[in-house]
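Everything below concerns the one structure shown next.
All of these numbers come straight from a predicted model, not from anything done at the bench. As a basis for the values below, the full set of heavy atoms in this structure was taken, side chains included, without hydrogen atoms, waters or symmetry mates. Start at 1 and go down the list; that is how both ligands and their atoms are numbered.
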Amino acid sequence: MDGQQKLFEACKAVLKQNDQGGWTRPAPNLYPHQWLWDSCFIAIGLRHYNLRRAQKELENLFRGQWKNGMLPNIIYGKDRYYGDNIWDSKRSADAPHQVQTSGITQPPLVAEALTKVADLLPKRERRAWLKRYYPKLLAYHEWLYRERDPHGEGLVLLVHPWESGLDNSPPWIREIRQNQTPFWIQLIHLLKLDTLVELIRQDTRYVAATERTSTVEQLTLLSIARRLRRKRYNTKKILPHAHVLIEDLAFNSILVRANQQLAAIAQELNETLPGWLWERIKKAPHALELLWSETEQQYFSRSFTTFELITEPSLATFLPLYSGTISKHRAAHLVELLGSRGYYTQFPVASVPTTSRYFQPHRYWQGPTWLNTNWLISEGLERYGFHQKAQQLRQTSLELVGRHGCYEYFSPLDGSPAGIKPFSWTAAVAIDFLHQT
Ligand code: 9WN
């Protein structure tokens, strides 16, 4: 067996180990449930060797869809998980009855996963597949723009850092530190009781505390979730009382691409998108440009409350490449920035540039290299014709997995592994990369 084949088999074994019978947990212990964008990456990997199972993964994802169209970021399985009881989704009349879910969403990658699976199906099955999921996908995009774009400008807002999928990335940390940390949590920090509280944290039983979100931030995330629960996840009730609302750059870049995929599916099926939604979809690429800073020459997330850009750099700045709607000139500029040493470390792409005050090589979304974001960037690079650069990124990513196995993330400085293992999307993305080399 050659090296590539060996790696493929090892990655397949990870997905098998994490298979819960039709859906895949991200990892044992730490993440025992089904997560939204994880399952999308997982289906993208699975389709290469088990198309039926990839279809099942997505089918199971829609078990969690709410009556109002929302796709939740977590569908609970039977195992225990830290913070399990925070959501109590039944408090909303929109939540499904058959399963327990969270009350928030995650990056809208599901159009991408449905499309990539459809591309491998025979003609007839493809049509049936798209027909089956089009109404559900449409309901999700309608929910996003109806509930989360109250000004009708083509940018959706997020109400919790977990919705971004990049939980503790600098724009979110800065905003929650400035506006959201409740007094009792500040007190814990002031009295240096963090280490004591850490003892009751369950995630740190499996991964070193230095590789996870800090205790103060973790408590804040739980307290925001509780506030959302009190409002029964009703956006209209949440908005007037929320302290941190962000038009997240990564999320909106992914949504712009997802909108194109939704529109392509509609066209293939001879369906017409609702007029109001089509208007938003047309606005979205222009709205993304509102997130560009002329002074800093990069994209940022924006506060929904103040309309100000949150000028803390992170890898999200490259995701407009993935949206595919920015100008060639802008794309070339981003590629130049990507090549800078802050991001293009020995094992790129650093989730936060090494020059940032937030940078920590092993701490979650504050520096490490992740395979899923490398996937999004490499797709974007391909779209703009930077094939060699995309190939290089896939190679360095595969090198990390080949050397250390399917860890959750890796130090961008020396490639040392961090987080939980075996982690499903690392395996799935590696499989997709292997099929592109
Ligand atoms: C909360 C499952 C998820 C990923 C997210 C990642 C992390 C959860 C956590 O794990 O989030 O949703 O416990 O911190 O940030 O992107 O989907 O792998």
Side-chain angles (χ1 to χ4, degrees), residues 14-15 18 20 23-45 57 61 64 71-77 79-87 89 100-110 113 158-173 176 201-209 211-215 217-222 224-225 228 248 250-251 254 314-316 319 351-352 362-376 406-409 418-429:
V14 166
L15 293 183
N18 284 335
Q20 302 296 285
W23 57 270
T24 314
R25 61 182 180 196
N29 302 316
L30 187 61
Y31 308 121
H33 308 303
Q34 186 176 18
W35 262 262
L36 178 53
W37 78 328
D38 295 65
S39 274
C40 295
F41 287 114
I42 290 162
I44 288 169
E57 188 77 26
L61 207 49
L71 285 171
N73 79 325
I74 303 173
I75 302 170
Y76 287 97
D79 292 338
R80 300 279 309 154
Y81 170 63
Y82 75 94
D84 258 355
N85 37 19
I86 28 162
W87 296 112
S89 48
Q100 293 268 9
T101 77
S102 69
I104 54 168
T105 192
Q106 240 188 354
L109 207 72
V110 68
L158 304 185
V159 300
H160 196 293
W162 282 333
E163 292 197 305
S164 74
L166 316 175
D167 313 356
N168 64 333
S169 81
W172 281 97
I173 308 183
I176 62 172
R201 271 183 78 167
Q202 289 179 33
D203 55 335
T204 48
R205 283 190 205 162
Y206 308 110
V207 173
E211 296 176 12
R212 298 277 300 169
T213 318
S214 78
T215 295
E217 266 130 32
Q218 193 69 15
L219 287 173
T220 311
L221 299 192
L222 291 170
I224 304 175
L228 300 176
D248 186 82
F251 195 100
I254 293 172
S314 77
L315 64 74
L319 297 190
S351 44
V352 167
H362 289 115
R363 198 188 280 281
Y364 221 33
W365 295 102
Q366 268 181 255
T369 303
W370 291 71
L371 257 79
N372 69 325
T373 43
N374 280 358
W375 187 89
L376 292 167
C406 292
Y407 274 86
E408 197 177 3
Y409 38 90
I420 196 88
K421 182 194 173 193
F423 191 65
S424 296
W425 82 37
T426 301
V429 169

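Side-chain atoms of W425 do not come within 3.5 Å of backbone N or O of C40 as any donor-acceptor pair.
Atoms of ligand 1 found under 4.0 Å from any heavy atom of R212 (numbered from 1 in listed order, with element): 13 (O), 14 (O). Which parts of ligand 1 touch P26 is read off a 4.0 Å heavy-atom cut-off, strictly below it: atoms 2 (C), 18 (O). Those atoms of ligand 1 with a heavy atom of N73 less than 4.0 angstrom away are 12 (O). Against a heavy-atom cut-off of under 4.0 Å, Q106 is close to the following atoms of ligand 1: 4 (C), 5 (C), 16 (O), 17 (O). Of all atoms in ligand 1, listed by their number and element, those nearer than 4.0 Å to a heavy atom of W365 are 6 (C), 15 (O), 16 (O). For ligand 1 and F423, the ligand atoms under 4.0 Å from any heavy atom of the residue are 18 (O).
Checking D167 against T213 by side-chain atom types alone, no donor-acceptor pair falls below 3.5 Å.
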Walk me through it: do Q106 and D38 pass the test side-chain contact (heavy atoms from CB on, under 4.5 Å)?
CA-CA 10 Å; Q106 240 188 354; D38 295 65; 4.3 Å; yes

What do the steps show when you test I104 against W87 for side-chain contact (heavy atoms from CB on, under 4.5 Å), and what is the final call?
CA-CA 9 Å; I104 54 168; W87 296 112; 3.7 Å; yes

Apply the test side-chain contact (heavy atoms from CB on, under 4.5 Å) to residues E163 and N73: give CA-CA distance (whole Å), side-chain angles for both, the deciding distance (0.1 Å), then the verdict.
CA-CA 7 Å; E163 292 197 305; N73 79 325; over 6 Å; no

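Nearest to atom 6 (C) of ligand 1 by heavy atom, out of Y364, W370, F41, W162, is Y364.
Ligand 1 has no nitrogen or oxygen under 3.5 angstrom from a nitrogen or oxygen of E408. Looking at ligand 1, you'll find an N or O of G165 within less than 3.5 Å of one of its N or O atoms. Inclusion of W37 in the set of residues having an N or O under 3.5 Å from an N or O of ligand 1 is warranted.
The only member of R212, E217, E211 that meets side chain to side chain donor-acceptor pair (under 3.5 Å) when paired with Y364 is R212.
In plain terms, the two heavy atoms of L319 and A250 that are nearest each other are CD1-CB, 3.6 Å.
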